Protein chains: 2
Amino acid sequence: MAERNTKRVTSADVARMAGVSRATVSYVLNDTPHQTISAGTRGRVLDAAASLGYAPSAAARTLRTGRSDVVLCLLPDWPIGSEVGALLTHLSGALARRGLTLAVHPASREDRPISELWKVLTPAAVLAFEEFSFAEITAMRAAGVALVVALVGPARPEPRELHLSQRLVGRLQAEHLAGLGHTRLGYAYPDDDRLRYFADPRLAGTREGCVDQGLAQPEVRTVPLDPATAAEAVTAWRAAGVTAVCAYNDEVAMAVLAGVRRAGLNAPVDLAVIGVDDIPVARLAEPPLTTVTTDQAAVAVHLAGTVEAAIAGRPAPAPVPADVVRVVRRESA
Amino acid sequence: MAERNTKRVTSADVARMAGVSRATVSYVLNDTPHQTISAGTRGRVLDAAASLGYAPSAAARTLRTGRSDVVLCLLPDWPIGSEVGALLTHLSGALARRGLTLAVHPASREDRPISELWKVLTPAAVLAFEEFSFAEITAMRAAGVALVVALVGPARPEPRELHLSQRLVGRLQAEHLAGLGHTRLGYAYPDDDRLRYFADPRLAGTREGCVDQGLAQPEVRTVPLDPATAAEAVTAWRAAGVTAVCAYNDEVAMAVLAGVRRAGLNAPVDLAVIGVDDIPVARLAEPPLTTVTTDQAAVAVHLAGTVEAAIAGRPAPAPVPADVVRVVRRESA
DNA sequence: CTGTTAGCGCGTTCAC
DNA sequence: GTGAACGCGCTAACAG
């Protein structure tokens with residue numbers, strides 16, 4: 001109640017109020033194992049801490065332990081969609097429940113090199129959408145960062161954390177279209193090269209789905225967000241016998257729809273289209289866009305579990321289940 | 001070069017290598033005023049620091065000075081668009097050039113209260129999109145946070161940092177439509193109540209623009225992202241003699257366009273529409289959407305200047321110029 | 001068992 | 001230009 005802060009409340013203040021030493025305060029507040037503190041003392045310390053509004057100084061703790069409770073997430077300089085925004089929001093909550101704080105850092109060319117960043121924040125873990133160099137990884141590890149992950153990127157020794165859900169997305173698109181009776185699929189690949197680390201696993205998933213459903217491999221075409229160019233792609237697909245296309249995301253899907261109209265055709269009768277993300281304008285498309293959504297909350301929980309396990313030195317949790325992705329059926333497919 | 005890190009490099013290492021005391025290292029590296037260090041010593045310290053790859057521990061510095069170089073930006077739990085994403089990216093760069101590090105924290109209900117957050121990070125400044133309580137503000141100030149700003153929100157004593165650019169956006173929409181000969185405007189207000197802190201200043205700008213251009217006040221209608229409901233709004237506008245509408249953003253604008261089609265009409269002949277943001281799918285709309293964009297880099301630089309000034313105790317810089325906003329002309333208006 | 005004393009981690013800054 | 005203390009929480013060693 002009495003929160004008439006003027007200066008920072010330190011553990012010394014709590015100790016004084018509870019009539020114990022600072023060490024005791026620390027033991028109580030951290031539930032230190034192998035230290036037995038009487039219930040009475042414990043209660044007095046907890047009460048004092050609460051009534052003073054005590055929050056330990058992260059700086060001091062970090063200085064002492066060599067590692068902060070911050071999980072640093074480096075954003076790429078390429079456009080990230082609302083999907084990633086939602087993921088981060090959920091990740092923030094999931095980490096908070098584990099006593100970790102998410103700090104997101106939007107990259108920018110004018111920025112200092114990332115080494116500056118982690119040296120400055122001494123994070124417990126670093127997540128990134130872009131690749132780290134080997135030198136960077138070893139340097140961070142040496143500096144005490146428990147987990148360093150590139151969420152996406154070329155699948156090397158082990159697959160990336162976010163690959164699985166991306167693959168599931170692509171697979172589900174193919175399954176949905178196959179279920180509608182389509183046998184010849186197209187794949188609308190994004191024009192921005194920087195998106196390939198997301199696009200490749202999605203396309204791989206679609207390929208897998210085609211194999212499973214006994215369909216031929218999809219006809220892949222790059223589709224920029226431009227009606228005229230998209231119309232050319234549509235014409236080419238039609239000439240190849242394609243009757244339905246999986247798009248990298250809803251934006252590309254809407255470009256395909258614009259291309260269909262521009263070509264004087266109609267979706268889904270002339271060409272069915274399915275996107276990814278269910279962005280707000282997907283339902284405003286002409287026709288409203290069928291799309292695949294991901295349960296970002298579930299992915300976030302998995303990611304948080306992976307981070308926590310790495311920090312505690314425990315093995316990583318089981319991968320996300322296949323039902324994190326789901327089709328939102330509208331008129332376009 | 002020799003960056004074979006194994007442990008953290010500390011100022012003691014630099015001091016040893018340069019053959020001076022730690023105090024001297026600190027003075028050299030911080031360019032401390034009123035401390036005269038000979039050029040020779042200076043050079044040796046700088047060389048040692050560089051060759052060791054020395055980066056001061058932020059934790060120790062924060063512990064000592066009571067304030068970190070982190071600028072904390074709290075995101076709201078309501079959907080933020082790519083506009084804000086771009087702003088943050090530029091802000092990150094602009095702050096970095098001033099020696100400050102941006103840490104973005106996506107809010108979430110499951111999160112701990114924000115007091116936990118700033119107590120833990122001891123940021124130099126806190127920016128937020130939501131309102132702080134008076135108690136929170138005083139507590140943060142007392143804890144050493146130099147600047148606490150709610151970027152948007154009800155304009156109280158002084159207007160919010162981001163109000164001006166929002167007003168300029170709304171004003172420019174009205175001016176553009178007036179320039180096209182329209183005399184009776186509509187305003188498409190977003191359905192999500194949490195967006196009103198952005199929507200209100202935009203609408204206020206449109207009202208100002210109408211006054212300046214000698215037009216009647218705009219006919220305001222709430223437009224959800226749903227074609228059927230949007231069609232009703234379109235019909236009502238038409239009945240009221242409205243020939244052009246300013247939309248809160250591109251998504252709402254695309255809803256209006258969907259409503260126009262649903263009502264069996266055509267844009268821009270039956271109703272002209274102008275959006276805000278120039279999201280990627282705006283050019284894919286039917287017809288392609290005319291919209292207003294903001295130079296987020298300029299806004300970010302202004303914001304960074306405000307933060308820097310507050311930390312240094314200097315007066316705030318001049319507000320952003322009117323030309324941070326610009327019309328992207330396409331077919332819808 | 002219960003709790004205390006003491007020193008560390010690292011950059012900053014005052015006094016000599 | 002240097003020695004030394006400080007900021008604050010953690011934890012090994014130790015006393016009652």
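Not measured: the values here are computed from a predicted model. Below, chains carry the letters A, B, ... as their sequence lines are ordered, and counting in each starts from 1.
Taken from OG in Ser68(A) to CG in Leu100(A), the straight-line distance is 9.0 Å, to the nearest 0.5 Å.
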N/O to N/O distances under 3.5 Å, protein versus nucleotides 12-16 of chain C:
residue: dT12(C); atom: OP1; partner: Asn30(B); partner atom: ND2; Å: 3.4
residue: dT12(C); atom: OP1; partner: Arg61(B); partner atom: NE; Å: 2.8
residue: dT12(C); atom: OP1; partner: Arg61(B); partner atom: NH2; Å: 2.8
residue: dT12(C); atom: OP2; partner: Ser26(B); partner atom: OG; Å: 3.2
residue: dT12(C); atom: OP2; partner: Asn30(B); partner atom: ND2; Å: 3.1
residue: dT12(C); atom: O2; partner: Arg64(B); partner atom: NH1; Å: 3.3
residue: dC14(C); atom: N4; partner: Tyr27(B); partner atom: OH; Å: 2.6

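Electrostatic pairing of Arg42(A) and Asp31(A) counts as a salt bridge here, judged by a charged N lying under 4.0 Å from a carboxylate O. Taking the charged nitrogens against the carboxylate oxygens, Asp13(B) and Arg16(B) do have a contact shorter than 4.0 Å, which makes a salt bridge.
The nearest whole Å value for the distance from the CZ atom in Arg16(A) to the P atom in dG9(D) is 12 Å. Nucleotide dG7(D) holds its P atom 12 Å from the CG atom of Asp13(A), rounded to whole Å.
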So His302(B) and Ser165(B), side-chain contact (heavy atoms from CB on, under 4.5 Å) or not? Walk me through it. CA-CA 11 Å; His302(B) 173 259; Ser165(B) 59; over 6 Å; no
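In the helix from dC1(C)-dG16(D) to dC16(C)-dG1(D), the terminal helix axes, each the rotation mapping four pairs' C1' atoms onto the next four within five end pairs, subtend 50°, rounded to 10°.
Residue contacts for Val20(A): at a heavy-atom cut-off of 4.0 Å it reaches the sugar-phosphate backbone alone, with no base atom in range. Heavy atoms of Leu63(B) sit under 4.0 angstrom from at least one base atom.
Only at 4.0 angstrom or more do the heavy atoms of residues 42-49 of chain A sit from any atom of DNA chain C, so none qualifies.
No hydrogens or angles considered: nothing links the side chains of Thr101(A) and His105(B) as a donor-acceptor pair under 3.5 Å.
Residue Ser57(A) places none of its side-chain N or O atoms closer than 4.0 Å to OP1 or OP2 of dC8(D).
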